[in-house]
Each structure stands twice: as C-alpha cells, then as structure tokens.
Amino acid sequence: MSDRKPSHPADGGAARSRTGYALMAGLLSAMMLGGTIPIPLYVLYQARMGFGHLTITVVFAVYAIGTLLALLFFGGLSDHIGRKRVLVGAIALAAASTGVFLVATDVPTLVVARVLSGFAAGLATGTATAAIAELHPRGDHRAAAVVASGVNMIGLGLGPLLAGVLAQYAPAPLHTVFWVYLGVTAAALVGLSLIPETAAQRDGVVSLRPNVSVPASVRRVLAGAALAIFAAFSLLGLFSSLVPSFLRGTLGIHNLAVIGAVSFLIFATGATSQAAFSRLAGRVSVGSGLVLLLVGLAGLELALFTEVLWLFLVGTVLSGAAVGLVFRGGLGEINRVVAPARRASVISMFFVAAYLGMAAPVVLIGLLSQTMELVVASAFIAGVVALIGLAALAVVLRTFGASATPGPTAPALAAVRPAPVGGAVHADARRDPRVPAGVRPDQNQKANDAR
C-alpha cells in the first residue's frame, strides 16, 4: 500500500485546513515556550546548587547543542515519514525534559534536561513550520511565514514570562511552572491528533546521516537568510545572557516576574513587527531588520555602560523589531523558492543557523567574563554581531528576490504547454492534414469562413 497522501484531506476541505492551521501554530508556540522557561530560573538554580556564571553558560549552550543535533540529523525526517510522526516524538521529548527538570538537584541533571528540551525544539521547529506553510487555507506562503515566525517568537517570549510570574508568586518556584508545562504538552498531543497530515510524498526512508544537502537553486538565498538569522539570534542570545545580570546585579531588581517580563518584551516586539509589516517583500523585510539590528545593539550596549533602565528597554524594543523582521523575511523567502518536497530540510538549515547564533554569544560571554568585565565582553561580542549583520545585508540585497518561485511539476507543465507555433506540432496535437504547415488552425478556420 502506498504511503503517499494528499496535502489536504478530501474529507476535511478548507474548514479542516483552517482548524489544522490554527492548531499547528499553537503547537509550535507551545514547543518554543518550553525552551525558554529556565531563563529567569537560573538565578534560583545558581543559589541552590552554588555554581557560577560559566556553568550557566554551559547549561544554556547544551540546549542549542540538542537543537542542532536534531536539526542536522532529523531536520528532513518529516519529509519522509510524515509531519505528525515527528511531532509526536518532539512532544514526548519535551514532556521527558520537563520531568527531568522536576527532579533536578544538580548540574548534570540540568544538562540532561536542557539537551532533551533542545532536541524537542529542533524536531518541532522545521517540521511544524513546514506544516504551517502547507496547511494555509489559501496556500499563501508569505502569510504562513508571518504566522510561523510570529508564534515562534511568542512562544519563546511566553516561556520566561510564565516562569517568572509563577516563580515569584506561586509556591514551589522551581517546580510549579514545569507541572503547568506538562499539561501544555498533553494539550499539544491532543491538538496534534486533530491536524491532517501534510507531507504528500512520504517514502518511509529513515537515515541518520547529517541532513545538510540544499538544492543548488536555493543555496544563495539560504546563505543570505542564514547569515541574517544568525546575526538576529546572536542578538537574542546576547540579550538573554545579559537580562538577569543587568536587572538583578546592576539595577538591583530581584522580582523574577519583572525579569521574565523584560525577557518577554523582546520576543513580543518581534512578533508584533512581523504582523505590522507582513506585506513587506522578503528583501525589504530582512534588509530593514538588519539595519534596525545595528541600532538596537547600540542602544543595549549604551544602556549597559550608562546603567540606565529606560535606554535598555528602548534597545530591547528596537532589537525585538529587528529580529522579527529578519525572521519573517528570511523564512518567507525560503518558503517562496523551495519546493514542498524539500521544504522541511531547507527550513531546518535555516534554524541551524538561528540556534548557532543564539548559542555563540552566550558561550563567548561565559568565557570572556572569566578574564574581563561583563560589560566589556558584551561590547566585544556586539561588535562581532554587527559585522556579521553587515555581511548578511550585502548578501541579502544581492540574492533575495532573484530566484523564481518553484513551478509546477512536469505533468502539470505538459498540461498547460502553449500551442505550437511555426509548424512545430506537439505530439498530442491533432492537426488537420489539409491545413498547411505553419498555419494555425484558427487562421485556417477564418479562411474557410471568408469563403
């Protein structure tokens, strides 16, 4: 029996596609939420387990390692076995990670929990993003990219907000949020059961070789998108590593709900900018986002040196808007130029660049802070991110908008092939032998009518 199924089920119609579209967006947001829950909790783990800033760096970085392993080895798996099967595995891993957090009493256990969480996010990101594009009722890839990148950012922001509020005002600050998230994973599994499968050409092949192949026709576009998202997520990583130390250590703000809310602000602004500028072409969106990224970086660094909260918040808003524009524009351009059969694997490469960017500044800050002040280390990293952003801008301006949207398949092309001209007759054409070569049938009919 063939494992191939249509992208949209015949028995569900557009209404089922709309339901599946909304549920898949919610599922992606829920999976992203789990990855950022620990951000405001690190200070509590630090106090309880007695580790320093370098250990926080390691715990943060292993999340990205888990994500990258999933993206590299399993990024295109859903193209072969189906989106839903891969997402079931992602939800199961997210629940397992949450269980490990609930029993964590030492650093090695935290590391295991973060690796599992990262692996779950890596399985979910490319798979759910591809499914959202395929479930859009009108097949509008630009609108699907806005939704996918928007719910991704909202989920990333809700994690620290939820954790901060529950840690500050609910009992058991290191446990309550994880019990709540276990409920979220259960709801995600129920929602997934209501979503139609969208991978149309599944062959059942499972390979553990790293999935790094990209169609030659889209490599230049992916290079620009990858550089841009690397710079944007580097800014996110830099921000995430600075928020707790700046608010708690420099400004003396110890309310975990406030720390979570400030972390949420950059992600919420990113989601808002995507919705507000959803009609921008990918080239304009990413280009303007990269310019805004430079301004946001400057604002954040100036706030660190002057120790001014309002300037830090302004830099946060500008940075969030920049990340949103880059994320949405890059993903939209990839959706536009990549054929559906390769969409999940190419999107996974996009997210590989994103998570490499998120991890890199955190690791560097952890290492550099051993020999220099945190503010100086952050300024150095901000300069590197700015240079990468400028390089990305140059590539994007040259490559985005240059590639054509994938055309129909060969059979479809045959069905719409234009009428032959100048005597070249298609094999399927039925030409009247009385019509001279080089004369179109409509011209011959007009001649007969004239007689």
Side-chain angles (χ1 to χ4, degrees), residues 64 145-146 149-150 152-154 156-157 221-243 246 262-278 280-305 311-334 350-362 364-365 377-400:
V146 172
S149 54
N152 193 308
M153 296 289 288
I154 290 172
L156 290 171
V221 170
L222 181 62
L227 271 176
I229 200 64
F230 182 94
F233 270 56
S234 292
L235 173 55
L236 281 182
L238 179 64
F239 176 85
S240 299
S241 64
L242 292 175
V243 166
F246 179 69
V262 174
S263 299
F264 172 74
L265 180 62
I266 192 169
F267 296 106
T269 306
T272 302
S273 71
Q274 291 168 357
F277 300 102
S278 61
L280 287 181
R283 186 172 186 266
V284 178
S285 181
V286 177
S288 57
L290 289 170
V291 172
L292 197 58
L293 181 145
L294 301 176
V295 180
L297 266 177
L300 290 175
E301 289 303 316
L302 185 58
L304 290 176
F305 277 96
L311 187 55
F312 189 82
L313 294 177
V314 170
T316 297
V317 170
L318 293 175
S319 298
V323 173
L325 289 169
V326 170
F327 195 171
R328 201 281 303 170
L331 187 57
E333 187 71 1
I334 288 174
F350 177 73
F351 281 111
V352 164
Y355 282 99
L356 278 173
M358 180 174 278
V362 180
L364 286 175
I365 277 190
S378 70
F380 172 79
I381 294 170
V384 174
V385 173
L387 290 176
I388 296 172
L390 289 172
L393 181 61
V395 176
V396 165
L397 292 178
R398 293 183 60 185
T399 60
F400 274 40

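Numbers for residues simply follow the sequence, beginning at 1. Atoms considered below: every heavy atom in the structure, side chains included; atoms not considered: hydrogens, waters and symmetry mates.
Taking both residues in full, the closest heavy atoms of Ala322 and Leu293 are given as CB-N, 3.4 Å, listed atom of the first, atom of the second, then distance. The shortest non-hydrogen separation linking Val326 to Ala232 is CG1-CB, 3.9 Å. When all heavy atoms of Val395 and Gly224 are compared, the pair lying nearest together is CG1-CA, 3.5 Å. Nearest heavy-atom pair across Val286 and Gly329 is CG2-C, 3.5 Å. Between Leu238 and Glu301, the shortest heavy-atom contact is CD2-OE2, 4.0 Å. The heavy-atom pair separating Phe230 from Ala360 by the smallest distance is CZ-CB, 4.4 Å.
If you take CD1 on Ile365 and CZ on Phe380, they are separated by 11.5 Å, rounding to the nearest 0.5 Å. In this structure, CG in Leu156 is found 11.5 Å from OG in Ser263, a value given to the nearest 0.5 Å. For the atom pair CG of Leu313 and CG of Leu265, the computed distance is 6.5 Å after rounding to the nearest 0.5 Å. The line from CG of Leu393 to CG of Leu290 is 5.5 Å long, rounded to the nearest 0.5 Å. Rounding to the nearest 0.5 angstrom, the gap separating the CG atom in Leu302 from the CG atom in Leu297 is 12.5 Å.
A donor-acceptor contact shorter than 3.5 Å is absent between the side chain of Thr399 and the backbone of Val221. At distances below 3.5 Å, at least one donor-acceptor pair connects side-chain atoms of Ser273 with backbone N or O atoms of Gly270. In this structure, the side chain of Arg328 engages the main chain of Leu280 through a donor-acceptor pair within 3.5 Å. Listed for the Thr269 side chain is no donor-acceptor partner under 3.5 Å among the backbone atoms of Ala321.
Side-chain contact between Val243 and Ile266: absent, with no pair of heavy atoms (C-beta onward) separated by less than 4.5 Å. Gln274 has its side chain out of reach of Ile154: every pair of non-hydrogen atoms, C-beta onward, lies at least 4.5 Å apart. Counting only heavy atoms from C-beta outward, the side chains of Ile388 and Ser234 never approach each other to under 4.5 Å. Annotation: side chain of Leu331 is not in contact with side chain of Ile229 (no heavy-atom distance under 4.5 Å). Side-chain contact check for Phe351 versus Phe233: every heavy-atom pair is 4.5 Å or farther apart.
Using the six-membered ring where Trp is involved, Phe312 and Phe239 have ring planes that are parallel, under 30° apart on the 30 and 60° scheme.
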Tell me, with the steps shown, if Leu294 and Leu390 meet side chain to side chain contact (heavy atoms under 4.5 Å, CB included). CA-CA 9 Å; Leu294 301 176; Leu390 289 172; 3.7 Å; yes
Could you go step by step and tell me if Val323 and Met153 meet the side chain to side chain contact (heavy atoms under 4.5 Å, CB included) rule? CA-CA 9 Å; Val323 173; Met153 296 289 288; 3.6 Å; yes
